[in-house]
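In what follows, every heavy atom counts, from backbone to side chain, and hydrogens, waters and symmetry copies are set aside. What you are looking at is a predicted structure, and each value in this text was computed from that prediction instead of being measured.
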Amino acid sequence: MTATFLLLGVLFTFKGTVGLAPEFMGTISNVSISQGRDASFACSVKNLGGFKVAWIKSDTKAILAIHDHVITNNERLQITHNDKDTWTLTLRSVQTDDRGPYMCQVNSTPVRKQIAHLEVVIPPKIIDSDSSGDQSVPEGGSVKLACRATGFPSPEVIWKRGDGQMITVKANGKKRKSMEVFGEILELPTVTRSEMGAYMCIAKNGVPPAVSKNIQLNVNFQPQISSEQQLVGAPSTTQIKLTCIAEASPKPINYWTFGTGEMIVPNEKFMMEEEAESVYRFRITLTIRNLVSVDFGSFRCISKNSLGQAEEYIEVYEIRTVPTYSNLPPAPDSQIVTDYEEEDKDYQYNKEPTVKYYPAIPTPSDNKIHKEPERRQNPFFGGAGARQLIFQPFLLANIFTVLHHSCL
């Protein structure tokens, strides 16, 4: 420090005027800036008189500028005198070596100085060569995923699942689930098919932008297949849909067979669909149109990958329908119904019965019923014995009254 002040004394040829001592107007602000951008420090001094302002890199004791002249051999450095009281030091395209303390000094007695710090920050960056790529592991195995990142300050690495599900980790010998896991290494013990998918590592250090990397985890297992119904019935000429659920990884080949094992090919008769419900679960359907007798039998849905094969049987049978009649058979000849009319409360018996015709009640042809013997033609019975007499409610009482008076 003593050598620096001696050098400043040699360079400063002007002495300060007698009177008020130099005084700083405010303080110099610290600067934090991303690598490659420009940084500036402003130093304001009043009552400078004949004294000079110098800029020094405090940690290296290097003199950068005196008054409005650059001393160091650095093309990226610039000094400007904005007005009579302010001197600005600018470093263009700052690098990590530019970090450190910068001092604004006045060669007064005693020497006056202010110090500010330059922090050169670097956004996070993931090092692909030191990080994991896509991984495949058998179900029940374990795996480690790595995500290495650089930056300044040192970035923090956070793991999340791409589908928003929780991550299963092992801590103190016990499994636990968490939405986020911190650290460059993610350990997954005894993985299951439900843990298959994208894992995203995010690196951030407060310097934008944060960066991320996706790592796909594949959990391999042989196919498994099932169906909610193993026996399905339908009438002829209708349409039916068969459904199976297959789970497998790597992605399987799914298809249908009929009878002795002949593979079904999509056409106007058969329509096949496959829907991926997740990275390892698939819904496969077979639609059979216009069912005929040869379509009833045993169908198989089959799922196959490099680790094995699984199949499920579905038996389709015919539902026979019973014919129905919308109309009754035609009725036989009309039946005669007599209606004795009452004119007043004193019964009148000198009137002939009024004859009305009603449709006969239909009788099934295959039921045998007892036919009553034929009756003689009289005022109260119809002819041809096959006709049936139906009395009004009050008629029977009138007949008994007539017979009583006849006997007197």
At their closest point, which heavy atom of [X] faces which heavy atom of [Y], and how far apart are they?
{"X": "N220", "Y": "S136", "result": "ND2-CB, 3.9 Å"}
{"X": "K52", "Y": "I66", "result": "CB-CG2, 4.4 Å"}
{"X": "A248", "Y": "P223", "result": "CB-CA, 3.6 Å"}
{"X": "D59", "Y": "G100", "result": "OD2-CA, 4.2 Å"}
{"X": "N47", "Y": "A21", "result": "CB-O, 3.5 Å"}
{"X": "S132", "Y": "I215", "result": "O-CD1, 3.5 Å"}

For the pair [X] (side chain) and [Y] (backbone), establish whether a donor and an acceptor sit closer than 3.5 Å, ignoring hydrogens and angles.
{"X": "Q224", "Y": "Q222", "answer": "no"}
{"X": "S303", "Y": "A310", "answer": "no"}
{"X": "T90", "Y": "S40", "answer": "no"}

Tell me, yes or no, whether the heavy-atom count around [X] atom [atom1], taken from other residues, nucleotides or ligands under 6.0 Å, exceeds 12.
{"X": "R176", "atom1": "CZ", "answer": "no"}
{"X": "E275", "atom1": "CD", "answer": "yes"}
{"X": "K177", "atom1": "NZ", "answer": "no"}
{"X": "K57", "atom1": "NZ", "answer": "yes"}
{"X": "E75", "atom1": "CD", "answer": "no"}
{"X": "I253", "atom1": "CD1", "answer": "no"}

Atom pair [atom1]/[atom2] of [X] and [Y] - distance to nearest 0.5 Å:
{"X": "S178", "Y": "E180", "atom1": "OG", "atom2": "CD", "value": "7.0 Å"}
{"X": "L89", "Y": "C104", "atom1": "CG", "atom2": "SG", "value": "9.5 Å"}
{"X": "N107", "Y": "F51", "atom1": "CG", "atom2": "CZ", "value": "6.5 Å"}
{"X": "I79", "Y": "W55", "atom1": "CD1", "atom2": "CH2", "value": "6.5 Å"}
{"X": "S278", "Y": "M196", "atom1": "OG", "atom2": "CE", "value": "7.5 Å"}
{"X": "W256", "Y": "F270", "atom1": "CH2", "atom2": "CZ", "value": "11.0 Å"}

I need the full list of salt bridge (charged side-chain N to carboxylate O under 4.0 Å, His left out) pairs touching residues 301-313, with sequence neighbours left out, sorted by first then second residue. R300-E311
With sequence neighbours left out, which residue pairs that include part of residues 125-137 fulfil the salt bridge (charged side-chain N to carboxylate O under 4.0 Å, His left out) condition?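 Listed by first then second residue: D128-K213.
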Only distances under 3.5 Å count here; give the side-chain donor-acceptor pairs of residues 232-243 to other protein atoms, sequence neighbours excluded, each with its distance to 0.1 Å.
| from | atom 1 | to | atom 2 | distance (Å) |
| --- | --- | --- | --- | --- |
| S236 | OG | E318 | OE2 | 2.7 |
| T238 | OG1 | P235 | O | 2.6 |

With sequence neighbours left out, write down each residue that passes side chain to side chain donor-acceptor pair (under 3.5 Å) with R76, or none if nothing qualifies.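 R76 satisfies side chain to side chain donor-acceptor pair (under 3.5 Å) with D98 only.
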S194: partners by side chain to side chain donor-acceptor pair (under 3.5 Å), with sequence neighbours left out: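 If we apply the side chain to side chain donor-acceptor pair (under 3.5 Å) test to S194, skipping adjacent residues, the hits are T192.
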With side chains defined as the heavy atoms from C-beta onward, is the minimum distance between [X] and [Y] less than 4.5 Å?
{"X": "R99", "Y": "E119", "value": "yes"}
{"X": "I56", "Y": "K113", "value": "no"}
{"X": "E156", "Y": "K204", "value": "yes"}
{"X": "V137", "Y": "L217", "value": "yes"}
{"X": "R289", "Y": "M271", "value": "yes"}

With sequence neighbours excluded, tell me which residues meet salt bridge (charged side-chain N to carboxylate O under 4.0 Å, His left out) with E273.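 Scan of E273 (salt bridge (charged side-chain N to carboxylate O under 4.0 Å, His left out), adjacent residues dropped) gives none.
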List for me each residue that meets salt bridge (charged side-chain N to carboxylate O under 4.0 Å, His left out) alongside E277, sequence neighbours excluded, and say none if there are none.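 In terms of salt bridge (charged side-chain N to carboxylate O under 4.0 Å, His left out), with neighbours along the sequence ignored, E277 is linked to R281, R283.
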Could you pull out all residues at least two apart from N205 that satisfy side chain to side chain contact (heavy atoms under 4.5 Å, CB included)?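 Residues passing side chain to side chain contact (heavy atoms under 4.5 Å, CB included) with N205: P124, P153, P155, V207.
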Listing request: all disulfide (SG to SG under 2.5 Å) pairs with a residue in residues 177-243, at least two apart in sequence or in separate chains.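 For residues 177-243: C147-C201.
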Carboxylate-amine/guanidinium proximity below 4.0 Å for E274 and K251: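 Answer for the salt bridge query: yes.
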Could you pull out all donor-acceptor pairs under 3.5 Å where a side-chain atom in residues 290-299 meets a protein atom, sequence neighbours excluded?
| from | atom 1 | to | atom 2 | distance (Å) |
| --- | --- | --- | --- | --- |
| D295 | OD2 | K269 | NZ | 2.5 |
| D295 | OD2 | V292 | N | 3.0 |

Show every donor-acceptor pair shorter than 3.5 Å between a side-chain atom in residues 22-38 and any protein atom, with sequence neighbours excluded, or say none if there are none.
| from | atom 1 | to | atom 2 | distance (Å) |
| --- | --- | --- | --- | --- |
| N30 | OD1 | H117 | N | 2.8 |
| Q35 | NE2 | Q95 | OE1 | 3.1 |
| D38 | OD1 | S93 | N | 2.7 |

Verify side chain to side chain contact (heavy atoms under 4.5 Å, CB included) between I225 and I302, making sure each step is shown before the conclusion. CA-CA 8 Å; I225 197 165; I302 301 173; over 6 Å; no
Show, in sequence, the C-alpha distance, side-chain angles and deciding distance for V120 and F152, and conclude whether the side chain to side chain contact (heavy atoms under 4.5 Å, CB included) test is met. CA-CA 8 Å; V120 179; F152 187 87; over 6 Å; no
Not counting sequence neighbours, list each pair that qualifies as a ring-ring contact (aromatic ring centres under 6.0 Å, His included) and has a residue in residues 82-108. F41-Y102, H67-W87, H81-W87
For V191 and T168, run side chain to side chain contact (heavy atoms under 4.5 Å, CB included): C-alpha distance rounded to whole Å, both residues' side-chain angles, the deciding distance at 0.1 Å, then the answer. CA-CA 9 Å; V191 295; T168 303; over 6 Å; no
Should M272 and I284 be marked as a side chain to side chain contact (heavy atoms under 4.5 Å, CB included) after you check the CA-CA gap, both sets of side-chain angles, and the distance that decides it? CA-CA 7 Å; M272 290 183 285; I284 53 177; over 6 Å; no
